[in-house]
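The structure under discussion appears below in the form of structure tokens.
Treat the numbers as computed from the prediction; the structure is a model and nothing was measured.
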Amino acid sequence: MLIDKGNNGLTKQSSTGTQTHVHEFAESTKLAENGEDRHNHRVAGVTSEVIPIGNGQHVHAILSNTDFLDHHHEIGVTTGPNIQITGTNKHVHVVKGSTTIDDGHNHDFLFTTQIDSPLV
């Protein structure tokens, strides 16, 4: 169950008090700028817990910073719905968006989360 926390978004609270799963992610943004300033950034972290969207589907929130190369960018995005891995009870999520603008530019990104519960 989700509890509305007003302007600060939603906070997860399950009916049983147990935590739901999260996903790790580690990727690079697309290249930006031209010439000697052309560069990308790395970003890594862990998603929020499950945000149900109905029909057995869910998404996760991501709020993170890129690495620092005389500047950094922020990433704030909701993943796509869960995509089942055939023949398993595991899944991933597609993550697509753009970073904040800093140093006069932003970076697009497109990646998938790592598989949930990789050792179980």
Side-chain angles (χ1 to χ4, degrees):
M1 154 185 350
L2 294 174
I3 297 177
D4 191 342
K5 297 296 251 184
N7 293 334
N8 293 327
L10 297 174
T11 300
K12 191 268 335 166
Q13 182 180 48
S14 77
S15 58
T16 63
T18 59
Q19 293 181 335
T20 59
H21 71 272
V22 297
H23 294 265
E24 297 171 74
F25 59 92
E27 273 300 328
S28 294
T29 64
K30 305 283 186 191
L31 292 167
E33 296 195 296
N34 294 310
E36 291 183 22
D37 287 336
R38 192 160 173 83
H39 67 281
N40 67 343
H41 294 271
R42 294 170 298 171
V43 61
V46 176
T47 68
S48 72
E49 293 183 66
V50 168
I51 303 169
I53 59 171
N55 295 326
Q57 296 281 290
H58 68 274
V59 296
H60 298 267
I62 292 177
L63 196 56
S64 188
N65 292 322
T66 65
D67 63 352
F68 188 83
L69 177 64
D70 81 12
H71 67 279
H72 78 280
H73 302 270
E74 297 174 2
I75 289 177
V77 67
T78 301
T79 69
N82 43 306
I83 301 170
Q84 292 303 126
I85 306 298
T86 305
T88 74
N89 63 349
K90 300 187 180 298
H91 66 274
V92 296
H93 297 265
V94 172
V95 183
K96 181 179 180 180
S98 296
T99 66
T100 56
I101 297 172
D102 197 342
D103 195 31
H105 67 277
N106 68 325
H107 297 263
D108 293 333
F109 54 86
L110 174 62
F111 59 88
T112 61
T113 61
Q114 295 178 17
I115 198 164
D116 64 312
S117 304
L119 299 178
V120 196

Q) Parallel under 30°, tilted from 30 to 60°, perpendicular over 60°: which one fits the rings of H72 and F68? A) tilted
Q | Check: Q19 main-chain N/O paired with E49 side-chain donor or acceptor under 3.5 Å | A | no
Q: Provide the closest heavy-atom pair for N106 versus A32 in the form atom of the first, atom of the second, distance.
A: O-CB, 3.4 Å
(Q) Minimum heavy-atom separation for V43 and N65, please, with both atom names. (A) CG2-O, 3.6 Å
Q: State the CG-NE2 distance between L31 and H105, to the nearest 0.5 angstrom.
A: 10.5 Å
Q: Please go through I101's hydrophobic cluster and name the other residues, only I, L, V, M, F, W, Y counting, with side-chain heavy atoms under 4.5 Å joining them.
A: none
Q) Under a single-linkage definition using a 4.5 Å side-chain heavy-atom cutoff for Ile, Leu, Val, Met, Phe, Trp and Tyr, are F111 and V77 assigned to the same hydrophobic cluster? A) yes
(Q) Please find the pair of heavy atoms, one from S64 and one from A44, that lie closest to each other, and give the distance. (A) OG-O, 3.5 Å
Q) Should the ring pair H21 and H23 be called parallel, tilted or perpendicular, given that the plane angle runs from 0 to 90° and is split at 30 and 60? A) perpendicular
Q. Could you state the interatomic distance from CZ (R42) to CG (D67), rounded to the nearest 0.5 Å?
A. 4.5 Å
**Q.** Non-hydrogen side-chain atoms of L69 and H39 separated by less than 4.5 Å
**A.** yes
Q: Nearest 0.5 Å please: distance from the OG1 atom of T66 over to the NE2 atom of H41.
A: 4.5 Å
Q) In Å, rounded to the nearest 0.5 Å, how long is the span from OG1 of T112 to CD of E27? A) 6.5 Å
Q.
Evaluate T47 against F25 for side chain to side chain contact (heavy atoms under 4.5 Å, CB included), listing each step before the verdict.
A. CA-CA 8 Å; T47 68; F25 59 92; 4.2 Å; yes
Q. Looking only at side chains, do E74 and T100 share a donor and an acceptor under 3.5 Å apart?
A. no
(Q) Using every non-hydrogen atom in the two residues, find where A61 and I51 come nearest and quote the distance to one decimal. (A) N-CD1, 3.9 Å
Q. Which atoms form the tightest heavy-atom contact between S28 and N40, and what is the distance?
A. CB-ND2, 3.6 Å
Q.
Looking at every non-hydrogen atom in both residues, tell me the closest pair between P81 and Q57 and how far apart they are.
A. CB-OE1, 3.1 Å
Q) Under the side chain to side chain contact (heavy atoms under 4.5 Å, CB included) criterion, do V94 and T79 qualify, and how do the steps go? A) CA-CA 6 Å; V94 172; T79 69; over 6 Å; no
Q) Would you call V95 and T113 a side-chain contact if the rule is heavy atoms closer than 4.5 Å? A) yes
Q. Is a donor on one side and an acceptor on the other found under 3.5 Å between the side chain of H91 and the backbone of N89?
A. no
Q. Hey, is CG on N55 packed in by over 12 heavy atoms from elsewhere, all under 6.0 Å?
A. no
Q) Which class fits the ring pair H93 and H58: parallel under 30°, tilted 30 to 60°, perpendicular over 60°? A) perpendicular
Q.
Check for me whether the distance between the ring centres of H107 and H73 falls short of 6.0 Å.
A. yes
Q. Do I75 and L63 belong to the same hydrophobic cluster, where Ile, Leu, Val, Met, Phe, Trp and Tyr are linked whenever their side-chain heavy atoms lie under 4.5 Å apart, directly or via other members?
A. no
Q: Indicate, with yes or no, if V92 and L110 share a hydrophobic cluster defined by side-chain heavy-atom contacts under 4.5 Å among Ile, Leu, Val, Met, Phe, Trp and Tyr.
A: yes
